[in-house]
Amino acid sequence: MGLRALGEALHEWKPARVAAVDPIAVIRAAWSEIVGENIAANSRPADIERDTLVVVTRSNAWSQQLSFLSENIIAAFAAREVQPKIVRLRFRVGKIMLSAAKRVVQTQKHAGNSGAVGDGDSPRVPAATAEEAMARFREDVEAFWRAKRAAGWKECSQCGALIVPSTRSLCSTCAHAQAGEREGTVARLLYEVPWLGYEGVAKLVAGLTRAEYDGIRHRLLKRWWETLRRARHAGRLSRDGHERLIASSYVLLKSGIAPEQIAPATVRNLLGEELHDLIYQQPAN
Ligand SMILES: [Zn+2]
């Protein structure tokens with residue numbers, strides 16, 4: 001079957017992609033996961049200018065410390081496939097809005113918490129040298145990670161972001177991306193080799209659960225049927241006749257029978273007389 005027909009057929013049912021999401025919103029959502037809560041409380045991704053992310057920080061000291069992390073942050077964006085691709089960060093001192101989480105950090109600070117990781121408006125006594133600032137910052141980050149790991153947090157197996165204690169091995173961003181990718185792969189397989197069934201598809205798509213397969217199959221059948229119903233209602237096929245391809249995938253997926261074994265009566269039965277005649281008796285042009 002032609003690629004064009006496949007693309008068009010998939011277009012019939014495909015859910016709206018997340019491409020329309022504002023990249024700065026994606027970055028903001030992942031920010032504390034990437035830099036940790038304390039740094040996130042003292043900085044804010046503000047804007048994207050071409051390939052540069054502008055980060056507002058609470059003070060020059062925070063800008064300086066955060067700049068040491070630039071490489072890791074850019075790598076984390078790349079792992080999350082943030083578009084447009086960010087290649088550098090720029091820092092600007094400005095106002096950071098206080099959220100509830102940040103207020104907690106501040107409260108701890110005022111309560112005399114000497115905190116292992118960044119403690120509020122500016123980091124302790126300013127470091128005398130860049131080397132000292134960097135060493136301190138590394139210690140802070142390591143202490144933060146040690147504490148998280150001790151509390152059962154672990155790294156996302158894909159991008160390395162810390163995730164809350166659970167049985168999951170991926171952060172929410174990676175899990176979401178992977179599920180979307182898996183759905184696309186499964187849908188293509190069900191279109192091209194609809195009779196594989198769950199066992200057959202699961203051998204080809206790592207991590208696919210029965211429930212996920214059933215959901216995709218159900219949505220696909222529903223969309224395809226909608227397309228076929230429209231053709232029947234109109235009493236004709238579209239110009240490229242892609243309903244023929246959809247009809248055969250529909251019948252095979254619905255019945256789970258391989259094409260060489262399916263009986264003409266079964267096809268007629270599943271499509272109904274009217275649709276069957278429309279699809280198989282109208283000469284292709
Ligand atoms: Zn991840």
Side-chain angles (χ1 to χ4, degrees), residues 14-48 51-55 57 65-89 91 99-102 105 116-118 137-138 140-188 201-202 204-213 215-216:
K14 223 162 154 185
R17 287 283 160 187
V18 288
V21 172
D22 180 5
I24 193 74
V26 173
I27 288 175
R28 279 185 189 144
W31 190 242
S32 70
E33 219 172 48
I34 293 173
V35 301
E37 283 159 34
N38 278 278
I39 295 172
N42 291 286
S43 61
R44 173 171 60 86
D47 206 1
I48 295 173
D51 55 5
T52 303
L53 174 69
V54 181
V55 179
T57 70
Q65 297 217 353
L66 203 47
S67 71
F68 297 132
L69 253 196
S70 288
E71 220 170 281
N72 296 338
I73 295 171
I74 288 165
F77 291 157
R80 285 172 163 77
E81 290 173 14
V82 168
Q83 292 297 338
K85 193 167 180 247
I86 304 294
V87 302
R88 67 184 65 82
L89 306 184
F91 302 98
S99 71
K102 289 163 198 167
V105 173
V117 176
F137 185 64
R138 280 213 187 101
D140 284 356
V141 170
E142 277 160 21
F144 174 76
W145 281 51
R146 266 199 308 276
K148 288 288 183 192
R149 284 208 192 83
W153 288 57
K154 58 189 173 185
E155 288 170 45
C156 167
S157 61
Q158 194 141 322
C159 73
L162 281 180
I163 51 180
V164 291
S166 72
T167 54
R168 296 180 307 133
S169 66
L170 293 177
C171 71
S172 55
T173 313
C174 291
H176 189 78
Q178 202 180 66
E181 208 172 279
R182 213 159 46 217
E183 169 138 4
T185 307
V186 171
R188 272 172 180 80
V201 174
L204 302 170
V205 183
L208 181 72
T209 66
R210 174 109 224 177
E212 204 177 350
Y213 170 86
I216 297 168

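We count ligands from 1, going down the list as the structure has it; atoms in each ligand are counted the same way.
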How far does CD1 of Ile86 sit from OG1 of Thr52, to the nearest 0.5 angstrom? 7.5 Å

Not counting sequence neighbours, which residues clear ring pair (Phe, Tyr, Trp, His ring centres under 6.0 Å) with Tyr213? List them please. Tyr198

If a pair satisfies salt bridge (charged side-chain N to carboxylate O under 4.0 Å, His left out) and one of its residues is in residues 67-79, list it, with sequence neighbours excluded. none

For the backbone of Ala177 and the side chain of Arg182, can you confirm whether one donor and one acceptor N or O come within less than 3.5 Å of each other? no

Identify, with sequence neighbours excluded, every residue that meets salt bridge (Lys or Arg N to Asp or Glu O under 4.0 Å) alongside Arg149. Glu155

Test item: Ser169 side-chain N/O and Ser157 main-chain N/O as donor-acceptor pair under 3.5 Å: no

Which N, O or S atoms belonging to the protein are less than 2.8 Å from the Zn ion (ligand 1)? Cys156 SG, Cys159 SG, Cys171 SG, Cys174 SG

